[in-house]
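Fair warning: this is a prediction, and the values are worked out from it, not measured in the lab. Numbers for residues simply follow the sequence, beginning at 1.
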Amino acid sequence: MTIQSGRNFLHTPGPTNIPDRVLRAMMRPAVDLNDADFMAMALSCFGDLQKVFETESNVYIYSANGHGAWEAALVNVLSAGDCVLVPETGHFSFNWSVMAESLGLEVDYVEADWRRAIDPDMIAQRLRADSGHRIKAVLMVHTDTATSVTSSIPAIRKALNDTGHPALLLVDTIAALATVPFKFDEWGIDVAVAASQKGLMQPPGLAFNAVSQKALQMSEKATLPRNYWDWRRRHGREFYSHFCGTAPVHQLFALREALDMVHEEGMEAIIARHQRLAGAVRSAVEVWCEGGALSFNVTAAEERANSVTTILVDEAYDATALRETCSSRFNVSLGAGYGRLQGRAFRIGHMGYLNEPMILGAIASVETCLAVCGIPHGACGTQAAIASLSESGG
């Protein structure tokens with residue numbers, strides 16, 4: 001048995017670090033579901049989630065992971081045989097398309113190389129060609145956790161507007177929310193999909209839909225089977241209707257505390273912090289890439305995520321061994337390569353409850369493990385990260 005002292009440095013791109021405040025908020029006895037204080041606390045979360053999404057529209061809370069929120073987004077606005085346009089950005093755009101097919105939807109899947117953001121011109125071309133408006137929704141992933149590609153929501157909204165196409169815009173912002181700007185109303189999003197275990201600093205187990213008025217109207221006509229996911233069932237006068245049954249009591253205590261922390265720091269400051277920490281990671285990786293064995297998965301610097309960085313490893317070297325060495329030798333947890341990147345990449349998560357010393361510890365540990373594993377890399381990546389942080393202030 002390996003004994004490790006000190007705290008684990010959790011740098012997977014989900015689950016992310018849970019603040020002690022949030023953990024303590026859950027450490028309480030169960031309460032009566034009809035307790036007035038509990039109901040008031042739970043209902044307050046809906047309004048504060050609207051602030052996070054920057055919307056005046058409805059937000060729904062599910063006991064689920066992000067896949068549940070995906071399914072809720074689809075079944076509430078679509079009917080069997082409807083066509084959805086899914087631009088590929090990585091493993092999670094692909095999985096969302098597979099879910100859509102399993103629900104009886106037709107998928108127009110636009111293949112890509114997993115290294116670039118969604119091309120809005122390509123979306124516009126597809127929409128112009130759809131003169132009969134067969135496409136009912138565009139499904140885009142804001143940041144694909146597997147590839148660390150971040151795409152521009154306003155650019156895709158503009159493609160829809162410029163072509164005059166009535167398709168709904170469904171956005172998975174699971175790995176982006178609270179790390180980069182997200183403006184549901186201003187950007188004309190119809191359904192947003194998010195989850196608790198990423199930038200929102202909570203345990204896995206809660207999923208969210210933010211829903212436009214247009215999407216709510218579409219939900220009245222949609223015919224895909226739904227019950228638990230049904231937005232319409234969550235508007236009753238009784239408190240339990242908001243959760244389609246028993247509320248996820250302790251998850252809601254965690255959510256309330258995490259939302260308090262979000263609003264105390266302020267979204268502008270949170271986004272700036274994520275930009276600063278991501279910049280430090282990218283500065284280190286740029287130096288490491290000079291050795292010739294490593295490279296950024298995302299080729300365009302402006303399309304790299306604030307929440308996670310995916311690093312490709314030359315096939316002559318073992319990406320899995322690097323990650324396992326980081327875990328066993330230094331108690332640093334990194335993300336593995338996903339999907340077609342399995343065994344070919346590792347990922348450094350830098351979202352949620354993190355600060356500069358935590359990022360520097362992870363970077364220094366990875367750099368040490370590159371040496372231990374004999375993977376060629378440019379020297380002084382950690383020093384580059386320090387320089388980045390010293391220059392960015394904060």
> Any donor and acceptor pair, going by atom type alone, linking the side chain of N355 with main-chain N or O of M358 inside 3.5 Å?
Replying inline: yes
> Does K158 NZ have over 12 foreign heavy atoms under 6.0 Å away?
Replying inline: no
> Stepwise, does the side-chain contact (heavy atoms from CB on, under 4.5 Å) test hold for R116 with T299?
Replying inline: CA-CA 7 Å; R116 291 299 308 270; T299 54; 3.0 Å; yes
> Do the non-hydrogen side-chain atoms of W114 and V149 ever get within less than 4.5 Å of each other?
Replying inline: no
>> Is it the case that the side chain of T143 and the backbone of T150 share a donor-acceptor pair, with hydrogens and angles ignored and the cut-off at 3.5 Å?
In response: no
> Per the side-chain contact (heavy atoms from CB on, under 4.5 Å) rule, which among C45, S196, P248 passes with L255?
Replying inline: C45
> Mind checking whether F208 and Y62 have side chains closer than 4.5 Å, heavy atoms only?
Replying inline: no
> Is there a side chain to side chain donor-acceptor pair (under 3.5 Å) between D172 and H142 once you walk through the steps?
Replying inline: CA-CA 6 Å; D172 168 346; H142 193 184; over 6 Å; no
>> For residues M39 and M26: do they belong to one hydrophobic cluster (side chain heavy atoms under 4.5 Å, members Ile, Leu, Val, Met, Phe, Trp, Tyr)?
In response: yes
>> Please determine whether salt bridge (Lys or Arg N to Asp or Glu O under 4.0 Å) holds for the pair R157 and D190, giving the CA-CA distance in whole Å, both sets of side-chain angles, and the decisive distance to 0.1 Å.
In response: CA-CA 10 Å; R157 179 72 259 175; D190 290 300; 3.7 Å; yes
> In Å and rounded to the nearest 0.5 Å, what is the CG to NE2 distance from L43 to H242?
Replying inline: 5.0 Å
> Got N58 and H235 here, is their nearest side-chain heavy-atom distance under 4.5 Å?
Replying inline: yes
> Taking the six-membered ring for Trp, are F38 and F253 ring centroids under 6.0 Å apart?
Replying inline: yes
> Listed by chain and number, what are the side chain to side chain contact (heavy atoms under 4.5 Å, CB included) partners of N8, not counting sequence neighbours?
Replying inline: L10, N331, S333
Donor-acceptor pairs under 3.5 Å, side chain of residues 371-386 to any protein atom, not counting sequence neighbours: which ones?
from : atom 1 : to   : atom 2 : distance (Å)
H377 : ND1    : I375 : O      : 2.8
T382 : OG1    : E367 : OE1    : 2.7

> Are the side chain of S148 and the backbone of A305 linked by a donor-acceptor contact shorter than 3.5 Å?
Replying inline: no
> Is the closest basic N to carboxylate O distance between R329 and E324 below 4.0 Å?
Replying inline: no
>> Less than 4.5 Å apart, side chain to side chain, heavy atoms only: is that true for L160 and L169?
In response: yes
>> Check this for me: F330, atom CZ, are more than 12 non-hydrogen atoms of other residues, nucleotides or ligands nearer than 6.0 Å?
In response: yes
>> Show, in sequence, the C-alpha distance, side-chain angles and deciding distance for D185 and S57, and conclude whether the side-chain contact (heavy atoms from CB on, under 4.5 Å) test is met.
In response: CA-CA 8 Å; D185 289 350; S57 296; 3.9 Å; yes
>> Please enumerate all residues that pass side chain to side chain contact (heavy atoms under 4.5 Å, CB included) together with A69, with sequence neighbours excluded.
In response: V193, A207, N209
> Given the rule in the side-chain contact (heavy atoms from CB on, under 4.5 Å) test, do S295 and I311 qualify, once you have shown the distances and angles that lead to the verdict?
Replying inline: CA-CA 6 Å; S295 59; I311 302 151; over 6 Å; no
> Mind checking whether Y338 and F92 have ring centres under 6.0 Å apart?
Replying inline: yes
> Is the charged tip of R304 near the ring of F296: under 6.0 Å from the six-membered ring centre and within 45° of its axis?
Replying inline: yes
> So, F53 versus Y60, ring centres under 6.0 angstrom or not?
Replying inline: no
>> I'd like to know whether CD of E220 has more than 12 heavy-atom contacts from other residues, nucleotides or ligands below 6.0 angstrom.
In response: yes
> Is the backbone of G337 close enough, under 3.5 Å, to the side chain of Q342 for a donor and an acceptor to pair up by distance?
Replying inline: no
> Taking N297 for the side chain and L312 for the main chain, is one N or O donor matched with an acceptor at less than 3.5 Å?
Replying inline: no
> Would R232 and D230 pass as an ion pair if we require N to O under 4.0 Å?
Replying inline: yes
>> Quick check: F346 with H11 (ring centres under 6.0 Å apart)?
In response: no
>> Tell me whether E303 is salt-bridged to R115, with the criterion being a basic N under 4.0 Å from an acidic carboxylate O.
In response: no
>> Any salt bridge linking D113 with R340? Criterion: basic side-chain nitrogen under 4.0 Å from a carboxylate oxygen.
In response: no
> Among the clusters formed by ILVMFWY side chains lying less than 4.5 Å apart, do V180 and I270 turn up in the same one?
Replying inline: no
> Can the ring centroids of H350 and H274 be said to lie less than 6.0 angstrom from one another?
Replying inline: no
> Stepwise, does the side-chain contact (heavy atoms from CB on, under 4.5 Å) test hold for R347 with T145?
Replying inline: CA-CA 9 Å; R347 295 175 295 154; T145 323; 3.7 Å; yes
>> Any carboxylate oxygen within less than 4.0 angstrom of a Lys/Arg side-chain nitrogen, looking at E356 and R276?
In response: yes
> Are L127 and L85 side-chain neighbours, meaning at least one heavy-atom pair lies under 4.5 Å?
Replying inline: yes
>> With a 6.0 Å cut-off (strictly less than), is the heavy-atom count around CZ of F46, excluding the residue itself, greater than 12?
In response: yes
> Taking 4.0 angstrom as the limit, do E257 and R24 come out as a salt bridge?
Replying inline: no
> Can we say E315 and R344 salt-bridge, meaning some charged N sits less than 4.0 Å from an Asp/Glu carboxylate O?
Replying inline: no
